[in-house]
Protein chains: 2
Amino acid sequence: MKKFTNRSLCPISTALDIFGDKWTLLVIRDIIFEGKSSYGEFMQSAEKIATNILADRLGVLEAQELIVKEKAPGKRARHFYHPTQKAIALIPVIAELILWGNKYYPDTYTHPKSLLTDLKTDKTNTIRAYTEKLMANLNHQKEKRKT
Amino acid sequence: MKKFTNRSLCPISTALDIFGDKWTLLVIRDIIFEGKSSYGEFMQSAEKIATNILADRLGVLEAQELIVKEKAPGKRARHFYHPTQKAIALIPVIAELILWGNKYYPDTYTHPKSLLTDLKTDKTNTIRAYTEKLMANLNHQKEKRKT
DNA sequence: ATAATAAACTTGCATTTTGCAAGTAATAAT
DNA sequence: ATTATTACTTGCAAAATGCAAGTTTATTAT
């Protein structure tokens, strides 16, 4: 696993200490915008992450409390990876990244396709909608844990 | 120099292909928020970038047209590195990164210190103010080039 | 009960990137 | 002419990445 060091007390560098690489934010993207939650689903993304890198990044994300790992009920040796509030709070960052990326690389597109058009049309409400939906799931799980 | 490949047509992965590492965005930060413009100034930042990494990243940023390199008039072997519109357009991304970083790592702070409080108080106008100031400089240089 | 299948990793190893120290080239001040 | 400053380049060790293959645990099929 990657070692974790804080290079400075800058909030940008502190954020980059966690996900300043080519892969970590793509896993977050898959979880947040594509609704993916399992190892196999992450492996299927277009960028073709290597299995050892994926395992490492899931470990980092869990250690930094951006995701929680849960045993899937009944289903084989399957696990679910769910976002925490800390990951959900990255939605505005990723939304701005999408807008920037598409502005300067217009051939790019998102999954789902509507995400990009929605962001261009009404950024604030699109971010709010994704955030609220994921926060609701998060509360729903907490409820389950209580019972 | 780092080789450049597009892993997919996702705007996020395309953006990360350029600055998905621990250093590139810090150089952009120095240029945009701290008004730095020379090699020596970048070297002085708290994170202590290695000189070969800095040289590499300045090359990437120039190749990707996020900065332009200019010979400093009269002054030694000095160069200036100025942001292009493409770099200035990253301000919203970095602003959201700052807010996220400080929310989950409250000990962090920005240079200048006012930047963080301004973003918390009025994100939209803070982003606009930084953007307009840098865009004005950019236009001013174009004028100079004409004469 | 046994075998086959599937999901989620782990391991080994070659390649690439990073980090650190030292050296060099071009210009300018003294 | 000598020294200092700025912006690099080079060499090398350490770490991260990428690829292929193997392992583990659990479930389904026979």
Give the C-alpha distance, both sets of side-chain angles, the deciding distance and a yes or no for salt bridge (Lys or Arg N to Asp or Glu O under 4.0 Å) between B:Arg57 and B:Asp21.
-> CA-CA 10 Å; B:Arg57 294 307 188 277; B:Asp21 69 274; 3.2 Å; yes
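Considering only side-chain N and O atoms, B:Trp23 lies nowhere under 4.0 angstrom from the phosphate OP1 or OP2 of C:dT17.
The nearest whole Å value for the distance from the CD atom in B:Glu70 to the P atom in D:dA7 is 13 Å. One atom, CG of B:Asp21, and another, P of C:dT18, lie 6 Å apart when rounded to the nearest Å. Put simply, CG on B:Leu16 is 17 Å from C1' on C:dT17, counting in whole angstrom units. For the pair A:His79 NE2 and D:dT25 P, the computed distance is 11 Å after rounding to whole Å. Separating the NZ atom of A:Lys22 from the P atom of C:dT16 is a distance of 15 Å, rounded to the nearest angstrom. In this structure, the CZ atom of B:Arg57 is 19 Å from the P atom of D:dA7, given to the nearest Å. If you take CG of B:Asn52 and P of C:dT16, they are 18 Å apart, rounded to a whole angstrom. Rounded to whole angstrom, the span from the CG atom of A:Leu54 across to the P atom of C:dA7 amounts to 14 Å.
In terms of position on DNA chain C, the residue among A:Tyr39 and B:Ala50 whose nearest nucleotide sits closer to the 5' end is A:Tyr39.
For A:Arg78, taking side-chain heavy atoms from C-beta onward, the closest of the listed nucleotides C:dT10, D:dT17, C:dA8 is C:dA8. Set against C:dT10, C:dA22, D:dG18, the side chain of A:Ile53 has D:dG18 as its closest nucleotide.
Heavy-atom minimum distance, B:Gln64 versus A:Tyr105: OE1-OH, 3.7 Å.
Counting heavy atoms of neighbouring residues, nucleotides and ligands inside a 6.0 Å radius, atom NZ of B:Lys48 exceeds 12 of them.
At the heavy-atom level, A:Lys48 lies nowhere under 4.0 Å from the strands shown.
Interface remark: the B:Ser38 side chain does not form any donor-acceptor pair with the D:dT6 base, using a distance-only criterion of under 3.5 Å.
With B:Ile67 as reference, B:Leu58 is the one residue of B:Val60, B:Leu58, B:Thr84 to meet the side-chain contact (heavy atoms from CB on, under 4.5 Å) rule.
Because its NZ or CZ atom is not both nearer than 6.0 Å to the ring centre of B:Tyr130 and within 45° of the ring axis, B:Lys133 does not count as a cation-pi partner of that residue.
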